[in-house]
Amino acid sequence: QVQLAESGGGLVQAGGSLRLSCAASGRTVTYYSMGWFRQAPGKEREFVAAVTSTGEYTYYADDVKGRFTISRDYAKNTVYLQMNSLKRDDTAVYYCAAGSVAVTPNEYRYWGQGTQVTVSS
């Protein structure tokens, strides 16, 4: 089993930055693709970013491209999401997930509990 724990969320002003971390425990996630999703109140969970198991390829939702960067540290069994130029529309609970690289949540096997990101104007 893999346990995922997100951290780094919080309250930030529009235009600011945050870095989310997702620490894996239980088993290594080296062989999994890792993704970040988010869910705003009243909305469905949506894809944000993903990185393949080798780290060779990354994928981003159109509205975060150029602002967010996903990366992974194999030694620390941790995945990061660097978020710059934050907008109010980025306000959501952010979840990390491990599984097959995809933009749909059901392709991911393991999920964290989420971390709240709130962007104020």
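Side chains are part of it too, since the values below use all heavy atoms of this structure and drop only hydrogens, waters and symmetry mates. Everything quoted here is computed from the prediction, not taken from an experiment.
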*Over all heavy atoms of both residues, which pair between Val117 and Gly9 is shortest? Give the atoms and the distance, please.*
CG2-CA, 4.1 Å
*asked:* As an exercise, state the distance from OG of Ser121 to CD of Gln13, rounded to the nearest 0.5 Å.
replied: 8.5 Å
*Hey, would you say the Phe37 and Tyr95 ring centroids sit under 6.0 Å apart?*
no
*Report yes if some heavy atom in the side chain of Phe47 is under 4.5 Å from a heavy atom in the side chain of Thr104; otherwise report no.*
no
*asked:* Does any part of the side chain of Tyr80, heavy atoms only, come nearer than 4.5 Å to the side chain of Leu20, both counted from C-beta?
replied: no
*Taking the side chain as every heavy atom from C-beta outward, state whether Trp111 and Glu6 have any atom pair closer than 4.5 Å.*
no
*Within a strict 4.5 Å, meaning less than it, do heavy atoms of the Thr69 and Tyr60 side chains meet?*
yes
_Using a strict threshold of under 4.0 Å (side-chain N to carboxylate O), is an ion pair present between Lys87 and Asp63?_
no
*asked:* I'd like to know if Ile70 and Val101 are part of one continuous hydrophobic network [Ile/Leu/Val/Met/Phe/Trp/Tyr, side-chain heavy atoms within less than 4.5 Å].
replied: no
*With rounding to the nearest 0.5 Å, note down the distance linking OG in Ser7 to CD in Gln113.*
13.5 Å
_Heavy-atom closest contact (Ala50 atom, Ala102 atom, distance)_ = CB-O, 4.5 Å
*Let me see the working for Tyr59 and Lys65 under side-chain contact (heavy atoms from CB on, under 4.5 Å), right down to the final yes or no.*
CA-CA 9 Å; Tyr59 305 89; Lys65 222 173 268 186; over 6 Å; no
*Is there a donor-acceptor contact under 3.5 Å linking the side chains of Ser17 and Asn84?*
yes
*Verify same cluster id: Tyr57, Leu81 (apolar side-chain graph, 4.5 Å)*: no
_Nearest heavy atoms of Asn77 and Thr30, plus distance in Å_ = OD1-N, 4.2 Å
*Identify the two heavy atoms, one from Ser85 and one from Asp90, that lie closest to each other, and give their separation to 0.1 Å.*
O-OD2, 4.4 Å
_Within this structure, what is the CG-OG distance for the pair Leu4 and Ser21, rounded to the nearest 0.5 Å?_
12.5 Å
*For Asp89, does the CG atom have more than 12 heavy-atom neighbours from other residues, nucleotides or ligands under 6.0 Å away?*
no
*asked:* Using side-chain heavy atoms (C-beta onward) and a distance below 4.5 Å, is Tyr110 in contact with Val29?
replied: no
*asked:* Count I, L, V, M, F, W, Y as connected when their side-chain heavy atoms are under 4.5 Å apart, and connections chain through other members. Are Tyr108 and Tyr32 then in the same cluster?
replied: no
*Would you indicate whether the side-chain heavy atoms of Glu46 and Arg38 approach each other to under 4.5 Å?*
yes
*Thr115 vs Val93 side-chain heavy atoms within contact, under 4.5 Å*: no
*Do Thr58 side-chain atoms and Val51 backbone N/O form a donor-acceptor pair below 3.5 Å?*
no
_From Gln116, Gln39, Met83, residue fulfilling side-chain contact (heavy atoms from CB on, under 4.5 Å) relative to Tyr94_ = Met83
*Heavy-atom pair with the smallest gap, counting every atom of Ser53 and Ser33*: N-OG, 3.5 Å
_Rounded to the nearest 0.5 Å, what separates atom CG in Asp73 from atom SG in Cys22?_
12.5 Å
_Side-chain (Tyr74) to main-chain (Gly55) donor-acceptor, under 3.5 angstrom_ = yes
_Common cluster, Val2/Met34, ILVMFWY with side-chain heavy-atom separation under 4.5 Å_ = yes
_When you measure from the side chain of Gln1 to the backbone of Gly26, do you find a donor-acceptor pair of N or O atoms at a distance under 3.5 Å?_
no
*Is there a side-chain contact between Trp36 and Val79 (heavy atoms, below 4.5 Å)?*
yes
*Could you tell me which non-hydrogen atom of Val64 sits nearest to which non-hydrogen atom of Val48, and how far apart they are?*
CG2-O, 3.5 Å
*Okay, side chain of Arg72, backbone of Thr52: is any donor-acceptor separation there less than 3.5 Å?*
yes
